[in-house]
Amino acid sequence: MSEYSKIIGHENIISQLISAVSMSKINHAYIFNGPDGSGKNMLAKAFAQALLCEKQGPEGCGECHFCKQTESGSNPDLIYIRHSKENIISVDDIRESLVQDIQIKPYNGLYKVYIIDEAEKLTVQAQNALLKTIEEPPEYSVIIFLTNNADIFLQTILSRCIVFNLKPLRDDVITDYLIKTYKIADYEAKVCSSFAQGILGKAIRLFESEDFNGVKEAAVRLVKNIYSYEIYDLIEEVKMISQNKVNINDFIDILEMWYRDVILFKVTKDPNNLIFKDEINYIRKSASKSSYEGLENIINGCEIAKSRIKANVNFDLAIELMLLNIKEN
């Protein structure tokens, strides 16, 4: 099975890579540019599999010895550039792992593929050390840069690379993937996909994160019970939230998502497009109790709370005012 079949989205990039192999128009340097979790590593590995496959087809077969080596990470013609320091890829890393090694011909097939992950960490000196190799590459070499910031590259590097900018996936694509793969509730998948901003890897991390799930459950519990909460209950809720300061923006964003659902249902009376449609009884209750103006006040109050927290206003006070605003409206 081709590695491309495991990738969600990015059909245009995949099509261009398959076409390049089938037409034998392989460039010697590529940049995959996109946020962490957007699929850069999977695209690079799928492309490498195709280049190194014994059958030399437009896609890797996934069955030959070389494809299996690529899958397991043991193919001698697929080299991942490691770096000795956490925050930089130094000139020594590049010289030892790539510049010197690239002079050795492939062990198996037609190509030798180098993948440089976190390429935004390349120092200027390291990029300069790569220049001669990229300007006069061995015919069998392919260098793939994976980065979340292509702007850091020297223009002399960029001009010699084919750059693929990974676009965010649609929320519904991510939602469908989460539901089918993890068998989770529709609203859980929608919450994760809304937060992920088109990045599938981020959506998966959020779904698997106990911290995020805890914050999400706390936010939903609050809005479902807001009408029965007294001031004391709100203060206790503030204390609970205070223990998760690192996730407070997530908490507030979930509150906003809930009340946007309430507004949407109040306008359309249709639960099908709601993120929290599994909680329709509570959404309907909120819509019946709050005016449009009150719901706008709630959302504005949430934004004000985030601004206050960012400005280092007293945390407990900012959250308590936000919760009182929700209860009043």
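Hydrogens, waters and symmetry mates play no part in the numbers below; they use all other heavy atoms, side chains included.
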> Under a 4.0 Å N-O cut-off, is there an ion pair linking K6 with E3?
Replying inline: yes
>> Check K68 with E71, please: is the shortest side-chain N to carboxylate O separation under 4.0 Å?
In response: no
>> Just checking F145 against F153, ring centres under 6.0 Å apart?
In response: yes
> Counting heavy atoms not belonging to K269, are there more than 12 under 6.0 Å from its NZ?
Replying inline: yes
> In terms of ring plane angle, is the pair F47 and F32 parallel, tilted or perpendicular, where the classes change at 30° and 60°?
Replying inline: perpendicular
> Do NZ/NE/NH1/NH2 and the carboxylate oxygens of E217 and R221 come within less than 4.0 Å?
Replying inline: no
> Measuring from C192:SG to D171:CG, what's the distance to the nearest 0.5 Å?
Replying inline: 11.5 Å
>> Check for me, please, whether F265 and L255 land in the same ILVMFWY cluster - side-chain distances under 4.5 Å, paths through other members count.
In response: yes
> Is E135 salt-bridged to K132, cutoff N-O under 4.0 Å?
Replying inline: no
>> Just checking F207 against Y182, ring centres under 6.0 Å apart?
In response: yes
>> Treating N148 as the side-chain partner and D36 as the backbone partner, does any N or O pair qualify as donor plus acceptor under 3.5 Å?
In response: no
>> Nearest 0.5 angstrom please: K202 NZ to S209 OG, how far?
In response: 11.5 Å
> Are any of the side-chain heavy atoms of I263 and E296 separated by less than 4.5 Å?
Replying inline: yes
> Do Y114 and D101 have side-chain N/O donor and acceptor atoms under 3.5 Å apart?
Replying inline: yes
>> Under 3.5 Å, is there a donor on one side chain and an acceptor on the other for N12 and S15?
In response: no
>> Within 45 degrees of the ring normal and closer than 6.0 Å to the centroid, is that where the cationic atom of K266 sits relative to Y292?
In response: yes
> Strictly under 6.0 Å, is that where the ring centroids of Y111 and Y140 end up?
Replying inline: no
> Does a donor on one side chain and an acceptor on the other come within less than 3.5 Å for D253 and N249?
Replying inline: no
>> Given the ring of Y282, does K224 sit roughly above its face, with NZ or CZ under 6.0 Å from the centre of the six-membered ring and within 45° of the axis?
In response: yes
